[in-house]
Every structure is written in structure tokens, then in C-alpha cells.
Amino acid sequence: MSIAKTYNPREAEKKWYSYWMEHGFFRSTPDEREPYTIVMPPPNVTGVLHMGHMLNNTIQDVLIRRARMQGKNACWVPGTDHASIATEAKVVAMLKEQGIDKKSLSRETFLEHAWEWKEKYGGIILKQLEKLGASCDWERTKFTMDPDLSEAVIDTFIKFYKEGYIYRGVRMVNWDPQGKTALSDEEVIRKEVNQKLYYVRYQIKDSEEYIIIATTRPETIMADTAICINPNDERFTHLKGQSVIVPLINREIPIIEDEYVDMDFGTGCLKVTPAHDLNDYELGQKHNLEVIDILNDDGSLNEKAQILIGEDRFIARKKVTNLLEEAGQIEKIEDYKSQVGFSERTDAVIEPKLSMQWFCKMDKLAKPALEYVENGTIKLIPEKFFASYKHWMLNVKDWCISRQLWWGQQIPAWYNENNEWVVAKTEQEAITEFNQQGKSSSNLLQEEDVLDTWFSSALWPMSVFDGVRNPDNTEFNYYYPTQDLVTAPEILFFWVARMIIMGHDYTQKPPFKNVYLTGIVRDKMGRKMSKSLGNSPDPIELMEQYGTDGVRVGMLLSSPAGNDLMFDISYCEQGRNFANKIWNAFRLVKGWETTEAPATESQKNAAIWFENRFNQAVSEIDEHFSHYRLSDALMAIYKLIWDDFCSWYLELIKPAYQAPIEKETHETVKVFFEKILTLAHPFMPFLTEELWHDELFKKREEKDCIIVAQYPVVKDFDIRLIKDFEIVQQIISEVRSIRNAKGISPKIELPLAINAAGIDFETHRETIIKLANISTLDLVNEKIQGAVSFLAGKSECFVALEENIDIDAERERITKEIEYLKGFLISVDKKLSNERFIQNAKPEVVQNEKNKKADADTKLKILEGSLLNLS
RNA sequence: GGAGAAUUAGCUCAGCUGGUUCAGAGCAUCUGCCUUACAAGCAGAGGGUCACUGGUUCGAAUCCAGUAUUCUCCACCA
């Protein structure tokens, strides 16, 4: 029988994923065990797996698999998000391709198309997550527009409305002219843009004089309703109370005064356009200015502009500039950099626009959500994000929750024929409500707008367990609050904060205990990986190439929480190589014939050492996990397996070529092997499951799978024993190093003599002989003449080489070491003779220095002896 | 403009409340090995004024201040 020399991930991946599914290992139902719950941040239903998802979901899978193996009732709830704007844009684009204009469709027909699209193309990403090994409870898959989740959203709207958090009003909002909807402040991305600053002349009425203003948006001058100057600005004192003529349209507007105007910026004169700028709007409110909105929903000019009607705002900007120039009204044009808002979803330039919207009052709601994080009920990992969380929470603004879209939850508000409105779940209830208020209830129309998608995502940890509609249900009581949330820092406010707010409002509990914020996946040049840059590898292809386990390991090796991850393909290679290393260790153990003989002493000692070393590693790994240092945990496993298990333990017990191994030892190796597989399983689910089922270990029962095997628990270990073995390892390394330096083949046996101090070398005799390839190992009490010597711990070792040793080289080496030790002693002595040190330092520290001195003294004496011995 | 963070080996990063001569890991590099588990490997080796300048301290990669560079978040200056 032959086993492939390299691990082939493909078969194992296919086989085990469906095996796990068929046997229901991912499924979770409430029982007497401790629950461990993660709700997956729902990707957009339009989404396709990218490196960010890969990282994020791998982390979640590692956490959930480990918890499952620790005997917890692990429940990972997957799902998708309806992503109003993105999805609606996709559907509109698709319809356009078919020659259908959204405007020509009724709301119902459009939604039919949208649902059709969703059923057909939506949720590809969930399928892709399977490839990654995601052990979600797929039967719980939710969509934010599922009927029950939608109902939860509507209920919440009504609840918040009744509690006085939701109101409706005309406000300046962020308008996305491409998506044709309002956006929340959080959905606006500000970018620095190279612009022009236009200096435009406005003629003073009944005068030849001009006033010059600076603007970046000349196309809005038709909407100007005042010019504002600073009352303290002496340059303009004579203009107070005058009015000016708006160029091109010759409308008369007043000159007003307000200290808001920065005298040093531009010309010190500001044109006031209340309809198209937030600050101007506020100025307008203060000074009772007229509001002239010259823009249509799509960003083109309307008839109020009087000129260039129907032109897009950016074309209009150019044309207005030309017209102004022709009219001699442009003083100058300067280059200018400024921040411009873009839509997070469509990337269109945001237009401040005055419109009627629904808002959620945030200040009161935010308070308890801040407290949770402040008092540690919810932990942010890493903590550094607390500062910005706090800042946002303290300065939170009201949340614009209405969107002028169809795809989403339609706001449950109803208008009667007099345009009066009530909030009610159904039309029937609305009628009742109107009647109670003594108002007309005929010709009711439901509010056209839908709710912000984040309004529904905010309920996610509750709504997936139906906890909003039915808070007393068993599942909700069992799984909520959830344990860990793994997500990107970018949506800390969008999502995390709002989940905490809603969770608290409903349950008086936080929705989760820990928030692990992953980094951003960047390319080698530090650029964020994105589709538009084309610098992101396709995770699916990566997994094809390196194996899923390899890519998982690669991603996690380099991603401390909250730090961005500079992704490089070589990490995946490292992951693949690691998988292959385990595979080959398995081949070795698998290939051994056994003999009935009992284990040898050295094998037993090796086993004792590895057991202790293993327990030490388990402690370290546990510690890393408790701080969510997944990459450190993984590295500890990597080293335990590669170095300790393969390079030391296996080499140590390995029988001679084609010789059988003692059965007792073989059994022990197998036990260790199973243990390290369980440690590795959360990171490398496929390989470990594949090996677990090999008959080398045993015939497994149908449900005896590593995915539910017992995860190693923290146990005591003997640090002394491990340290002693380190000395042995050092001796072996030194002998190999001597070989290397002298060009002596590893096949040639060398004699070794040890002047042992403090360690029982008999225990390790066989080990040293075997791994360092020693012919004779003598324990001596004196120095050996003409041998190369070195110090391991406090034991001096001698290798007598057949050819003459290079005395000068040896002398130099030893002298160097002596000098080092002397320097060391000087520094220690300096400390110890410093009274202030003795007085101020902790007693342990002082004692430690004393011990160091004693150690160094011993070593120094040995080395000085060696030096004498050479001459 | 405000806030936060970072700067340690060629690369990616550890280094927790100052205390081994403290400078570490992985990868990469170099040298020697096709030693029958693994060349996706084995053995060995080299490599860093801990960004800079001051300060606190018996003692600083670690604490403080300033400087430089970089990043992130927030913010309405036309």
C-alpha cells in the first residue's frame, strides 16, 4: 500500500464537508450544555467572496470549532443582508439591460423582479463559504427580508415610534442622486478631491461696485438667497444693508451679516445657498432666508434654476462657469483641494438636499450602549477602538432611517386624504388609529419609503432567534446574548453600535460579549484589496491551489486582531507546507511495522518529555485564545507539531530503516498524534479529519469525528524536565554544528564526553547518541585533552576529533565566550554594588541578579579551565 | 482641523504592569545535505544604534515630552 507523498486536499475537502453536513455536526439545538453562539455578519446578498470575508469567516470558524470541541453547544448562524441600495441598483441595471425602465414598473412588479433576482443570484457567497469549511448551522440561514425578520423590523419601528425615538421631518440630508435616495451620515465617504475655487463678482444693486465671493459650486448660484459677510469685517462695513444681483439670472438678494463667516477665507464674502449646503441651510434658518431648490432628484437642474434646465449638475457647473466668464463675472479661478462626500454604495457625489425623511433620535439610546463598552460588559478587541467608539457615541447624531427605494421594509406609516399620518402595522390598524384621532381614514396610502438596511441588521442577533417578535422563546433565551462577534472595524458604527443599542432597548442585555475587530486585508504594497484595483486574489482559486487548510493557515498566521494584514501568497504556501508536513509525519507513523517488545527507556523518557512539552504548549495556546491572539495560538501549534513532535519526538523514537517499532511506543505516538490533530483541527479542519479516520488510529464509529472530539484541556507540566531536555537539545545541536563547521558528514560517528553538572545524563544517553550520531558517550570528571569543547548549561562537553583540532580557532572561540561572560559579570556586579539598586529593586530581582552572577561565575571557571587545557 | 495608533532583522510581526548581555518568532537569505516520512524537506549559520532628540530612573525597546514619517477614524469652512 502506498500513500501519496504529498497531501492532496481536494478529495478530503469534498468528502468531509458533506460528511459533516450529513451527520448534522453543524446543527445546534438548545440543550443542557453551555451555549457558544456567533451570529455571522450577514454579507450582502449581492456579495461574492473576497479576502475580507475569507479572513473574517475563517476566524469565526476557528472559534466555533474550538468551542464545539470543548463541549460547548456551538451555534454559528449564517445569513445574508438585503442591502437595499446595492441590490436595488443591481436589479435596476439588470432590467435596463432587458430594456425595462424602473419608472415604468409598479412597485409590486419591480419587487417581483427583485425577488426573482435574489432567488437566482443572491447568496452565492453562502455557497462559497462552504468551500472554506465554515461550520455554520445552515438550517438556521436567515435573510434580513425573511417574513419574520421583516416583521421584527416593522415591530421595532412601531415600538421606537411609540417610545418617541422616531420622528419625521424636513431636514437637510445626504442625497445620493444616482441611487436617488437619502443616506445616513455613516454612508457618506469623504474624500479629498482636486477642485477649483471660483471667484465670482456679484454687482451691488444700484451701484457700479462689485462684491466678490469664492465658491466651489458655481452651478448653485441660481439658488443663492443671500450674501453673507462678517459683521466685524471693516472691508465691507459700507455694504451693510445693501443687496446684490445674482449673476446670470439677475435676482436681487440681501447682504446679511453673521460671525459664522471666516474673514480670512476666500474674499470674506459667502454666498448663501440654503437648499444646497448644510451650513447655508442653517444660516438661512437663522436669517429667515428663502430656500430655492434648483436640483432634481437625479442631480439635474430644475426649472427653478431658470437657466440650463435639465442639465446635470457637473455639466451645469462648466456651463455656468463659461457663461460667467463670457459675462465678465469671473474674477479668477484657483486650484483647490477639499473634502467631498461620496455615496458608500454608488460612489456618486452626495448632494445635500432638503427633504422630508424619517429619523431616529439617538442621544438617549446611545448612552447605555456606551456604558456597556465603558464598563467592560462588552469587550472590544483590540481595545484601541474604544476611543473612536466613545467619540462616536458621545457625538451621535440623529439617524436618517428612510430610503427612497422599494427593496426593503416599507415604513409602516399611513397617510389619509388630508396628508395626515399615523404609524400602524396594517392598514386596518391605521384606519382604527385615524378614527380614534377623529381624522379621516379614507384613501389611505402607505409611506413609500423603505427603512435603512442597517435598521434591520441592527436587530440581527435577536431576530435570527425570533427574539424581537417573541422574546420568551426557548432558543432566544438559550442563545442570546451571543458570545463573540467577528467583524470589520469599518462597520463599528454602522452596525455594531446599533446592534448594541437595539439589543439593550429590547432585552436590557448586550447582544454579545466580545467584539473581535479584524484588520483590513491589504496587498503587499499596503493597498486595500478591492475589486476596482484588481489586486485581490480570488479566495476560491487560492483554495484550489493551496488547499483550504493551507489558505486558512496562511490568513491567520499573519493577522493579529485589529491590525491590517499585508497579504502575500507566500503565507498560503507556508500553510500548504505545514499541511504537508503533518501529512508526512502521518506517513511515517503509518508505515511502521510493530514488534511486541516493550518501549525502551529512552522512548519512555521521550514520551514523558513530549507529554510535558505538549501540556506546556496547550497552556500557551489557551492563553493566546483567551486574548483572541489567534495567530499566536496557531504559531504555537505550528512549532509544537513541526519542531517538537516531528523534529524531536519522532526522530527520537524512530526505529532504524525498515526495522519495526516497539508496539507500546507505537501506541503512544498514535495517542500523541491524535492529540496534536485535535489541537490543529480548528485551523485545519479537513486534513485533521481525514487523518483522524485512518485505520492507523482505529476504526471509527460513524460519529467519532475530530470535529466533535475532545479538545485538549490545560494540564500541569514539569518545567524542570523541559528545561533539562533543552540542555540535551543544545548538546545535540552543538555537535551538529561542529560537524557542519568542520565539514564532517553526519554519517560519521563522533565520540562525546560530558562533564555533567546537575543533569542525569543517563536518562538521555540514547537520545544524544542517536540524534547527534555519537560513537561513545563518556561521562567524565575532568577535561579531555585535544578535544573541541562547548558548554551546555553548566555541563562541559568534549568532542575529540580524529584530525587535529584547530587550537587557535578553539582558543579564539573560548576567549570570546569568556569575554562575553566577563562583560556580563561586570554589568551584574555593577548592579549588585549599586546601593540604590539594592534598596529600590524588588527582592526577587536582586536575588535573580545574584543567581545570575553565581551561574556566570561557574561557567567562567569552566571556560578558563578549558583555555588552560588547550595550551 | 480634531482624535487615535504605529515606527523593533530583507518582509510580516511578538516583546503584557520598566529588571537576565534583551534584543525574539515565522518567512526570506546563506552554507552543507536527494540521510527511504516530507527538497512543500533535513542540518547548520548570518542578520537589528529597537525612527530621531531629550527627560524620568539605580536601570528604558518598554514610562514621559518634543521631532520626523506613516496609517486609521472623526469634522460643514465656502
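This structure is a prediction, so every number in the text was calculated from the model and none was measured. Every chain is numbered from 1 and lettered A, B, ... according to where its sequence line falls, protein lines coming before strand lines.
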Below 4.0 Å: OP1/OP2 of B/A37 and any side-chain N or O of A/Lys654: yes

Sugar-phosphate, base or nothing in reach of A/Ser647, heavy atoms under 4.0 Å: sugar-phosphate

Chi-angle category of B/U20 [syn within 90° of 0, anti beyond]: anti

Touch class at under 4.0 angstrom, heavy-atom based, for A/Cys646 against every strand present: base

Sugar-phosphate, base or nothing in reach of A/Gly591, heavy atoms under 4.0 Å: nothing

Aromatic plane relationship, A/Tyr336 with A/Phe265 - under 30° parallel, 30 to 60° tilted, over 60° perpendicular: perpendicular

Atom pair distance, as rounded to whole Å: CG in A/Leu556 and C1' in B/A14: 17 Å

OP1 or OP2 of B/U21 under 4.0 Å from side-chain N/O of A/Lys831: yes

Check: A/Asn174/A/Asp185 side-chain N/O donor and acceptor closer than 3.5 Å: yes

Touch class at under 4.0 angstrom, heavy-atom based, for A/Leu278 against every strand present: nothing

Separation of the P atoms in B/C11 and B/G48, to the nearest angstrom: 13 Å

Integer angstrom distance from the P of B/A65 to that of B/G4: 11 Å

Check: A/Glu651 side chain, B/A37 base, donor-acceptor under 3.5 Å: yes

B/G44 OP1/OP2 closer than 4.0 Å to side-chain N/O of A/Arg736: yes

Phosphate contact (B/A37 OP1 or OP2) by A/Arg587 side-chain N/O below 4.0 Å: no

Output one line per pair: protein atom, nucleotide atom from nucleotides 27-34 of chain B, and distance, for all N/O pairs under 3.5 Å.
residue: B/C27; atom: OP1; partner: A/Tyr638; partner atom: OH; Å: 3.3

Touch class at under 4.0 angstrom, heavy-atom based, for A/Glu490 against every strand present: nothing

Sugar-phosphate only, base, or nothing, as touched by A/Tyr260 at under 4.0 Å among non-hydrogen atoms: base

Short side-chain N/O contact from A/Lys581 to OP1 or OP2 of B/C42, under 4.0 Å: yes

Touch class at under 4.0 angstrom, heavy-atom based, for A/Tyr336 against every strand present: sugar-phosphate

A/Lys670 to A/Phe697 six-membered ring, cation-pi geometry met (6.0 Å, 45°): no

